[in-house]
Amino acid sequence: MLRWMAATCVILLAASISLAGEPAGSKAAKGKIWLAGAYSFSDELGGFTIVSASGLGTRADPIVIEQELNSASPVTMVIRATQAIKPFSSTGDYANGMIHMRIVTVNASGLAWLEFEFELQEILRKPSVYGDGLSFDQRRTDSSSILSNRFKKFDDNFEPYDRLIYFDGFVDPQQSAEFSFMITDFTPQPEFYLLQDPRIPAS
């Protein structure tokens, strides 16, 4: 009995060391969670696959997520703080509520995309509202951080929810699209969600 318990403890300790030592930008044990900067990014809710994550989340070194969307239905990325939360810290050692992001998305749906929408959620399946502090940098008046290589225009809707819609372009099947934006949370949460919704031609 003692020998079995000792062996079990060794296995659990080894597993915890392996996960804790997972470097930023690499894949965790279950193949669903990726680490970059002070956050983790997960495709655990299904419908898409993250294939890499890197960067610190600063303007000079944005977090870059590479992913494949397997259908034209909305999918949701889970984002979690992996470091202590300290709003507005600039050291890079804390989850500070400010993340510069670039998402590189392969259209593996088999259908062309005519628009692409992102929506922030503090509560799963419930759109973020104006007053909760989470947004696509709603306090800034310039839009220099919102870019795409496939869509020429965007519309940022901050009331009564936080949505960012890219349009005036297209992404054919097996092509990739890049989207850049900044996420800010002035009351940082340990976990929040990024809904991604590709828009296809009306049938």
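- Taking CE from Met101 and OG from Ser145, the interatomic distance works out to 12.5 Å, rounded to the nearest 0.5 Å.
- Under the 4.5 Å side-chain criterion, counting only non-hydrogen atoms from C-beta, Ile183 is not in contact with Tyr39.
- Across Arg150 and Ser176, no two heavy atoms sit closer than the pair NE-O, 3.0 Å.
- Interatomic distance, CD1 of Ile65 versus CD1 of Ile79, reported as 7.5 Å (0.5 Å rounding).
- A 4.5 Å side-chain heavy-atom check between Asp185 and Leu120 finds every atom pair outside the cut-off.
- In this structure, Ile50 CD1 and Asp43 CG are separated by 4.5 Å, a value rounded to the nearest 0.5 Å.
- Follow the hydrophobic side-chain contacts under 4.5 Å out from Leu45 and you never reach Met77; the two are in separate clusters.
- The closest side-chain heavy-atom distance from Ile85 to Pro190 is below 4.5 Å.
- Looking at heavy atoms from C-beta onward, Asp132 lies out of side-chain contact with Gln189 at the 4.5 angstrom threshold.
- When ring centroids are compared, Phe116 and Phe151 stay outside the 6.0 Å threshold.
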Exercise. Kindly determine whether Phe179 and Leu164 satisfy side-chain contact (heavy atoms from CB on, under 4.5 Å), including the steps that lead there.
Key: CA-CA 10 Å; Phe179 305 95; Leu164 181 59; over 6 Å; no
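- Shortest non-hydrogen contact noted between Gln121 and Phe192 is O-CB, 3.4 Å.
- For the atom pair CG of Leu134 and OG1 of Thr184, the computed distance is 7.5 Å after rounding to the nearest 0.5 Å.
- Arg59 CZ to Ser180 OG: the interatomic distance, rounded to the nearest 0.5 Å, is 11.0 Å.
- Hydrophobic clustering (side-chain heavy atoms under 4.5 Å, transitive across Ile, Leu, Val, Met, Phe, Trp, Tyr) keeps Val171 apart from Val106.
- Under the 4.5 Å side-chain criterion, counting only non-hydrogen atoms from C-beta, Gln67 is not in contact with Val75.
- Linking ILVMFWY side-chain heavy atoms closer than 4.5 Å, directly or via other members, places Ile99 and Phe118 in a single hydrophobic cluster.
- Smallest separation of non-hydrogen atoms from Leu194 and Phe136: CD1-CZ, 3.9 Å.
- In terms of heavy-atom proximity, Gln196 sits nearest to Phe48 at NE2-CE1, 4.1 Å.
- Annotation: Phe170, atom CZ; neighbour count of heavy atoms from other residues, nucleotides and ligands within 6.0 Å does not exceed 12.
- Between Asn107 and Ser109, the shortest heavy-atom contact is OD1-OG, 2.6 Å.
- Using a cut-off of 4.0 Å between Lys/Arg side-chain N and Asp/Glu carboxylate O, Arg199 and Asp197 are scored as salt-bridged.
- For the pair Asp156/Phe181, no side-chain contact is recorded, criterion being any heavy-atom separation below 4.5 Å from C-beta on.
- Considering all non-hydrogen atoms of both residues, Asp172 and Ala112 come closest at OD1-CB, 3.9 Å.
- In the hydrophobic clustering of ILVMFWY residues, with side-chain heavy atoms under 4.5 Å counting as a link, Phe186 and Tyr94 come out apart.
- Atom-to-atom distance recorded for Met98:CE and His100:NE2 is 8.5 Å, nearest 0.5 angstrom.
- Between Tyr166 and Phe154, the ring-plane angle classifies as tilted under the 30° and 60° cut-offs.
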Self-check item: Working for side-chain contact (heavy atoms from CB on, under 4.5 Å), residues Trp113 and Ile200
Solution: CA-CA 5 Å; Trp113 300 341; Ile200 63 175; 4.1 Å; yes
